[in-house]
Each structure stands twice: as structure tokens, then as C-alpha cells.
Number of protein chains: 2
Amino acid sequence: MTSSVPNICKSCSLHCDHDSFCARLTNDELIQLNEKSHSASMKRGDTLSGEALTQWPIVAVSSGVLSLQHLMADGRKSIAALYMQGDIIDLRGIANRNRCNLISLGNSEVCRLSPDIFERVASSNPNAQNSIWSNLRQQTFRAIDHSVDMSKKQALEKLASFIIECNYRETSTASGSVVTKIPVRRVDLAEYIGVQPETVSRCFKNLKDRGVLAFKNLSVVTIHDVALLQKIANGEK
Amino acid sequence: MTSSVPNICKSCSLHCDHDSFCARLTNDELIQLNEKSHSASMKRGDTLSGEALTQWPIVAVSSGVLSLQHLMADGRKSIAALYMQGDIIDLRGIANRNRCNLISLGNSEVCRLSPDIFERVASSNPNAQNSIWSNLRQQTFRAIDHSVDMSKKQALEKLASFIIECNYRETSTASGSVVTKIPVRRVDLAEYIGVQPETVSRCFKNLKDRGVLAFKNLSVVTIHDVALLQKIANGEK
DNA sequence: CGGCAAGTTGAGCCAGGTCAACTCCGGTGG
DNA sequence: CCACCGGAGTTGACCTGGCTCAACTTGCCG
């Protein structure tokens, strides 16, 4: 049996990107996993929830941005987490907790992995296991940092943190780049950092007026004063 | 070689509690891990940070409550996460992110595991690995839920969520018990839910006045109306 | 029975929520 | 090519929940 990379994986960032999960698999493992998995394109608003998540609770993000959304009884909506390229969303066991949906915030490519094969590969391939573990830990740290941001920071500080986070998480061609893409709409950003869209707008204006950053367009900003942005995010002045 | 459980483990909740990590180890594994680990008692304010965490980034909580604290530039302090009995705190890789400390909020017993042995056991014992994974996922979900609570809820709702979370995480003798221990001081609670101590006090008063709960003493409450508490936590009325 | 830390209560103030009006922009059809 | 439309983002005016600061009460330990 010749084992060659499945076609669909050849062009997938999860396979091409050196330190993501799929890149660590042997060809055989990749084939097995691929056979039992579904890859899918999603567009803004497409949702995975309920049944779909119970049966296929593991989703790998190849491109785009997904959000985990919670809905409160009175209709307040909030984005609990953002997932981007390389994240492996493992929602097994979340059913015990609050109901929530996985919603794409734009065009995105995902791969819905078979839990069985995923688990099997994870325990037989330590290299792959490390990758998963490290990604999961990163998600935990991100969630923890985010909850700190949400609990103590004020709006401007939250926005600054968010921009820095965007810059940091960008599939950084040149890391430390000062041109950063804001990969979500204003209203999604607002839901993620827990303020109103109006407030986001005002805070962006504030940063622009102070010369901290400039807009190329709505979704691309140039950071003129990284140090100051970091100070703001960290609560100085 | 006779393999018997190390003395120190015999009385440790991590070993006795059926579904926690240590309980899943073979005696040999337990002995190996124990040899290279330090167990320690901590009291209120005792801190693990910097060097100590870099070299020994994995801490298992046997009893008590630990907190992960972030400090902002202007002195605002905030508790990012609470760890209780059975949690395995794996801080490997957190150094890339914000500096933070692990601080005990009262008397607690911890076991600082050797990363090497921990990793080795995890990959050779799938049963143990499952336990670790599941705990880490729970931590992630908790952090995500918490960040939702922080970002969109108001003080009363946060407090209600916190009480429910306490009740849920209690090493529940009888689950669903309406008597719940608040395992932290008011000021720590306030830092965790991101409000001022004064506000915590006012919200507790509110819940008491409405008959939702009653105090046995400062740290033990009886929930008289679980349904209402849940509604409040979820933002109804 | 002090003495101190922890928690509570009160009064005033401000960051950000709310609501409404307005602008901007891309798509569509006459 | 322009007029129109609808959704996204912005701006302004007002209001309120929770922060602040200060005084007071309670509980715990020697």
C-alpha cells in the first residue's frame, strides 16, 4: 500500500504549517484520520451546534475565524472565545456546562475530526500529542488572560489588549509587524471584548486621535506606537 | 521489588479520589512520580512564582484553593482562575504570556510534579492521560465561561454565577446540595469576579433580602431558591 | 477585653450603556 | 450612470450601575 498525503490535505494549512497537529502525523495516520473526517467551508453566520457538536465535537480550524457564542436568557449575546488557524477546538464534555454555539465570523475552512481516530492517533504519536496538548494549554491561557481583561480592564484597555492579541496571533509572516489585521467586524469585536459597538468606535477614535494607530481601512490598522499601545493595554496612564 | 503506595500518597485526596489523575496510576508509576515530586503545605498568601514555576510548572491540588493572580501596571490586581481539589495546574508555556503568580488563598496541600515523569506517565498510561486531558478541558471551559460572566454580566449576576459554580465544584458529597461553602474571603471573591468588595457585600445583601439565600456564617450559605438564583445568574429579571 | 483585619453601609461621581440620528459604502436595478 | 437601498459603523445626549472614599460594625485571636 502506497501511502501518500490525501489531496484535500495537500493544500490545507494544518498540514503545511510546520508545528500544527496534522503536520506531525505520518502519512498513514493522516490518511486514516482524513477518511473519517469532514472538511467544510463555512461562511459568515454558519453555525455548528447541538447535535452536530455532540457527535463531532472536534473541529480543526484551517483558515478564517470561528467564535464560541453564549446566549443569555434576556438575549445578551457574547463571544466567549475566538479560534483561528491552527486551533483544535475540542468540545467534548462541554455539554455539562452552558449551551453554546460555534459560529463562523466570516469565510473559513474547518475540518471536523473523528474523535475516535483523533484519540487513537494522539495516544500512539507522542509528537502529535504534544502539539494538541500545547494548543489546548494555549487556549486555556488565552481564556484566562481574556477573563482578566474582561474583569478588570476598562474599554480602552480591553481594545488595546485585543489589538495586541490580534497582532500576536496573526499567522505572523514577520513577527512584530506593526500592520495588523482586525479579522472580525466591529460588532463581533464588541461582543468579544464585552462592550457596545458604540464604545468600540469611540475607543478606536481615541487611539487614532492620539496617534497610536492609523487605519488603512476598517479592518487593517498600522500601529504607530507599539510601546504606548502596550502601556495602555496594561493599564498605565 | 514490592510496589506499594508511597505513604504520603495514602492519605492524599488525589490518590483516594477515584477519578483524579493519581488514582489512575499503577503503583510503580505512582512511586516513580512521587520520588521526583515535592508535596507541600501552603497557607494564605504563600506564592509560587517566577523561577519556582519555570522549573516546576506542574502543580496538583490536593486540598484548599489556589488562585492565579495577574497584576496590572497601576496595581490593579485580579484573580484569573481558581484551582481546587483535583485540578492539575500545568503552567508550561505560560511564560510567553503575562507574568502571573500562583497564590494560595488559605491552607492548602499541593504536590509539585516532575514535568518529565508526568509527561512520561501521560504518554504510557492512556487512562491517566484521559484524566489529565479531561481536567485540562474542564479548566478551559471554566475559563471561557468565566470570561463570558466577566464580560457581559452585571455584579449581581456575576455573584449568582459564582455561587452556583462553587456549589457545582464542591467535592459534592450529595450533589445538588443547597448548603454551599464559599471557600474564599470576600476580597478574593471580589477580585475573582472583577468587582469591588463593597459591591460583593451589597449584592450578597440583595440576595439575602430577597430570600434567595441565607448565611450560616460568612463562608457558608444556604440556597433557599436555587431556581431563582439560576435565573439571576442567567440574566432573567 | 482590647486590637486589628475583614466586612458593611452611605453619599457622590463617572465610564460606559442606551437610544436615536446620522454617515458611509457596496450592491442592484432602472 | 445615477438613484435607491440596507447593513455597518459613527456620533451625540442622556442616564445608571458600580467605583471611590470614608466611616462604621463585626468577628477573630491573643
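Residue numbering restarts at 1 for every chain, and letters A, B, ... go by the order of the sequence lines. Model, not experiment: these values are computed from the prediction.
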Considering only nitrogen or oxygen atoms on both sides, find all protein atoms under 3.5 Å from nucleotides 21-28 of chain C and state each distance.
none

(request) Using a 4.0 Å heavy-atom cut-off across all strands, classify B/Arg202 as base, sugar-phosphate, or nothing. (result) base
(request) Send over the distance from B/Phe204 CZ to C/dT8 P, rounded to a whole Å. (result) 8 Å
(request) Return the value, rounded to whole Å, for the distance between atom CE of A/Met150 and atom P of D/dG18. (result) 17 Å
(message) So, using side chain to side chain contact (heavy atoms under 4.5 Å, CB included) as the criterion, who are the partners of A/Cys203 when residues are at least two apart?
(response) A/Ala155, A/Leu156, A/Leu159, A/Thr199
(message) Quick check for you: among D/dT11, C/dA6, D/dG9, whose closest atom lies nearest to any side-chain atom of A/Lys205?
(response) D/dT11
(message) What I'd like to find out is whether the side chain of B/Arg169 reaches to under 4.5 Å of the side chain of B/Asp87, using heavy atoms alone.
(response) yes
(request) Please state how far atom CG in A/Leu207 lies from atom P in D/dT10, giving the value in whole angstrom units. (result) 12 Å
(request) Nearest whole angstrom, please: distance from the P of D/dG9 to the CZ of A/Phe215. (result) 11 Å
(request) Please list, chain by chain and in numerical order, all residues satisfying side chain to side chain contact (heavy atoms under 4.5 Å, CB included) with A/Asn7, sequence neighbours excluded. (result) A/Lys10
(request) Working to the nearest 0.5 Å, report the span between CG of B/Asp145 and CD of B/Gln138. (result) 9.5 Å
(message) Do A/Ile88 and A/Leu136 have side chains that approach each other closer than 4.5 Å (heavy atoms only, starting at C-beta)?
(response) no
(request) Name all residues meeting the side-chain hydrogen bond (donor to acceptor under 3.5 Å, both in side chains) criterion together with A/Ser147; count only those two or more places apart in sequence or in a different chain, and write none if there are none. (result) none
(request) Side-chain contact test, heavy atoms from C-beta onward, threshold under 4.5 Å: evaluate it for B/Lys205 versus B/Asp209 and give yes or no. (result) yes
(request) Not counting sequence neighbours, list each pair that qualifies as a side-chain hydrogen bond (donor to acceptor under 3.5 Å, both in side chains) and has a residue in residues 181-192 of chain B. (result) B/Arg185-B/Asp188
(message) So, taking the atom named OH in A/Tyr83 and the one named CG in A/Asn135, what distance separates them when rounded to the nearest 0.5 Å?
(response) 9.5 Å
(request) Choose from D/dT10, C/dA6, C/dA15 the nucleotide whose nearest atom is closest to any side-chain atom of A/Arg186. (result) D/dT10
(request) Give every residue pair that meets the salt bridge (charged side-chain N to carboxylate O under 4.0 Å, His left out) criterion with at least one member in residues 59-76 of chain B, sequence neighbours excluded. (result) A/Glu157-B/Arg76, B/Asp74-B/Arg76
(message) According to side chain to side chain contact (heavy atoms under 4.5 Å, CB included), who are the partners of A/Ser67, at least two apart in sequence or on a separate chain?
(response) A/Gln69, A/Ile79, A/Leu82, A/Ile103, A/Leu105
All N/O donor-acceptor pairs, side-chain side in residues 39-48 of chain A, below 3.5 Å, sequence neighbours left out:
residue : atom : partner  : partner atom : Å
A/Ser41 : OG   : A/Glu109 : OE1          : 3.1
A/Ser41 : OG   : A/Glu109 : OE2          : 2.8
A/Asp46 : OD2  : A/Lys43  : N            : 2.8
A/Thr47 : OG1  : A/Gly45  : O            : 2.9

(request) Would you kindly give the CG-to-P distance between A/Leu189 and D/dA8, to the nearest whole Å? (result) 15 Å
(message) Suppose the criterion is ring pair (Phe, Tyr, Trp, His ring centres under 6.0 Å): which pairs have a residue in residues 214-235 of chain B, not counting sequence neighbours?
(response) B/Phe204-B/Phe215
(request) Check the distance between C/dA15's P and A/Leu159's CG and give it to me in whole angstrom. (result) 17 Å
(message) As an exercise, state the distance from CD1 of B/Ile163 to CG of B/Leu207, rounded to the nearest 0.5 Å.
(response) 5.5 Å
(message) So for the helix from C/dC1-D/dG30 to C/dG30-D/dC1, with five pairs setting each end axis, what is the inter-axis angle to 10°?
(response) 40°
(message) With the threshold set at under 4.0 Å for non-hydrogen atoms, list the residues of residues 191-201 of chain A touching DNA chain D in residue-number order.
(response) A/Glu198, A/Ser201
(request) Determine, for nucleotides 24-30 of chain D in 5'-to-3' order, which nucleotides have protein heavy atoms under 4.0 Å from the base (write B), from only the sugar-phosphate (write S), or from neither (write -). (result) -------
(request) Figure out the CD/C1' separation between A/Gln154 and C/dG17, and round it to whole Å. (result) 15 Å
(request) Whole angstrom is fine here: how far is it from CG in B/Leu156 over to P in D/dC19? (result) 13 Å
